[in-house]
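Everything on this sheet refers to the single structure shown next.
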Amino acid sequence: MPEATPGDSAAAAPAAGSRGEAGTVPGSEELAEIGLRFEVGGEIATITMDRPEKRNAQTFATWSALARIGRNLPGHVRVVVIRGEGPSFSAGIDLRMFTTAPGQGSFASVAALDTDALLERVTEAQQGFLWLRRPDIVSIAVVQGHAIGAGFQLALSCDLRILADDAKFCMKEPALGLVPDLTGTKPLVELVGVAKAVEICLTARTVEAEEALRLGLAERVVPRERLDEAVGELAAALLTTDRDAAAATKRLLLGAAARTLEEQSAAERAEQAVRLRTLFGGERAARGDGSAES
């Protein structure tokens, strides 16, 4: 639920499945004030939450900046790594947002809005998380220490999660009188099932690294000192796959749960037709006529 900033209207933003063609990623000085770093090396972009003294607690400004990064991600980036500086990935919502005094960045100021404006504010916040699921990128959460509430949801927004052996997930919002509204409930249910998701959320208990691995909340758990190595290996492996084939495959996988087998089969045929024509169609692919060789 971030405060509105120029150019950050959710209504004006591209869909979560596309990259923006205008605007710029926030500059390093602006990001530093918010508590973020953004770096691009080759086809890998790294977003680092950089408020270690606050255990990388998130604010309205955090979510707005994440959304702007997503809308203006450089076109050559294929892998996005999300990580946290210091002992924790992210301790969740900055507790200053719970102040009872209405003002910049408080829940009280958001609660004072009319319903349409309040819902728009939530929509704006969610844009900072939704873009991480786009088919044209693979996102990786690198989690050490605590990933609480918004931190847990940020990890859930990524396609893949690599955990240090000291990682701890917790969905704290219900215990605070809130609901998880940063797009984390759907992936949580998809990964662990409804019953386990209910238990995790409504007890607000801690899920430690080894349990997270058993439940499917993590792809890999490694010793803290090997976290960078593990992420580097995964990113390098992802980049060996043909870019367009990877995006097409991710589209198929993202849509599979909502389709019948027949619908999924049709989607596979359509994606494969594009790949075959691209790889082997020559001039026919450019014309799109589908004619056979004699």
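Heavy atoms only: backbone and side chains are in, while hydrogens, waters and symmetry mates are out.
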Next item on the list: Would you list the pairs meeting side chain to side chain donor-acceptor pair (under 3.5 Å) in which at least one residue belongs to residues 210-222, sequence neighbours left out?
Entry: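 Applying side chain to side chain donor-acceptor pair (under 3.5 Å) to every pair that reaches into residues 210-222, excluding sequence neighbours, yields R205-E211, R220-E233.
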Checklist line | Presence of salt bridge, E190 and K186, under 4.0 angstrom | finding: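 Looking at K186 and E190, the cut-off is met.
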Notebook entry, point to check: With the threshold set at 4.0 Å, does a side-chain nitrogen-carboxylate oxygen contact exist between D228 and R83?
Noted result: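 A salt bridge is present here (some side-chain N lies under 4.0 Å from a carboxylate O).
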Side-chain donor or acceptor of [X] paired with backbone N/O of [Y] under 3.5 Å:
| X | Y | result |
| --- | --- | --- |
| D244 | R275 | no |
| E43 | L239 | no |
| S90 | A57 | no |
| W131 | R68 | no |
| Q144 | G86 | yes |
| D159 | S139 | yes |
| E263 | T260 | yes |
| K172 | A204 | no |
| R243 | H76 | yes |
| R161 | A141 | no |

If you group Ile, Leu, Val, Met, Phe, Trp and Tyr by side-chain heavy-atom gaps below 4.5 Å, do [X] and [Y] land in one group?
| X | Y | answer |
| --- | --- | --- |
| L160 | L213 | no |
| L188 | L191 | yes |
| F60 | I69 | yes |
| L202 | M171 | no |
| L252 | L279 | no |

Notebook entry, point to check: Is the number of heavy atoms from other residues, nucleotides or ligands under 6.0 Å of K250 NZ greater than 12?
Noted result: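 Counting neighbours around NZ of K250, more than 12 heavy atoms of other residues, nucleotides or ligands fall under 6.0 Å, so yes.
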Item checked: Over 12 foreign heavy atoms within 6.0 Å of CD, E29 ->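 Open.
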[X] versus [Y], closest heavy-atom pair with distance:
| X | Y | answer |
| --- | --- | --- |
| A155 | V143 | CB-CG2, 4.1 Å |
| A197 | V192 | N-CG2, 3.6 Å |
| P174 | C201 | CG-O, 3.5 Å |
| A45 | V40 | CB-CG2, 4.1 Å |
| S157 | L132 | O-CB, 3.7 Å |
| V207 | L217 | CG1-CD1, 4.3 Å |

Item checked: ring pair (Phe, Tyr, Trp, His ring centres under 6.0 Å) partners of residues 169-221, not counting sequence neighbours, each pair once ->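 Those involving residues 169-221 are F152-F169.
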Checklist line | Pair D50-L36, side-chain contact (heavy atoms from CB on, under 4.5 Å): steps then yes or no | finding: CA-CA 5 Å; D50 193 14; L36 291 172; over 6 Å; no
Check: Residues in side-chain contact (heavy atoms from CB on, under 4.5 Å) with R55, at least two apart?
Finding: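 By the side-chain contact (heavy atoms from CB on, under 4.5 Å) rule, R55 matches S88, A91, H146.
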Between [atom1] of [X] and [atom2] of [Y], what distance do you get to the nearest 0.5 Å?
| X | Y | atom1 | atom2 | answer |
| --- | --- | --- | --- | --- |
| T62 | R51 | OG1 | CZ | 6.5 Å |
| E173 | L176 | CD | CG | 7.0 Å |
| L113 | L119 | CG | CG | 10.0 Å |
| Q272 | T249 | CD | OG1 | 8.5 Å |
| D242 | T278 | CG | OG1 | 9.0 Å |
| R78 | D136 | CZ | CG | 10.5 Å |

Evaluate the side-chain proximity of [Y] to [X]: yes if any heavy-atom separation is below 4.5 Å, no if none is.
| X | Y | result |
| --- | --- | --- |
| V122 | V110 | no |
| P180 | Q153 | yes |
| F129 | D181 | no |

Looking just at side-chain N and O atoms, do [X] and [Y] make a donor-acceptor pair shorter than 3.5 Å?
| X | Y | result |
| --- | --- | --- |
| R133 | T183 | yes |
| T59 | D94 | no |
| Q58 | W63 | yes |

Item checked: Evaluation steps, side-chain contact (heavy atoms from CB on, under 4.5 Å), between R251 and E271 -> CA-CA 9 Å; R251 280 194 297 271; E271 291 285 8; 2.9 Å; yes
Check: Stepwise, does the side-chain contact (heavy atoms from CB on, under 4.5 Å) test hold for L234 with I162?
Finding: CA-CA 9 Å; L234 177 58; I162 303 296; 3.8 Å; yes
Next item on the list: Decide side-chain contact (heavy atoms from CB on, under 4.5 Å) for V80 and L73; before the verdict, give the C-alpha distance in whole Å, the side-chain angles of both, and the deciding distance to 0.1 Å.
Entry: CA-CA 10 Å; V80 176; L73 191 70; 4.0 Å; yes
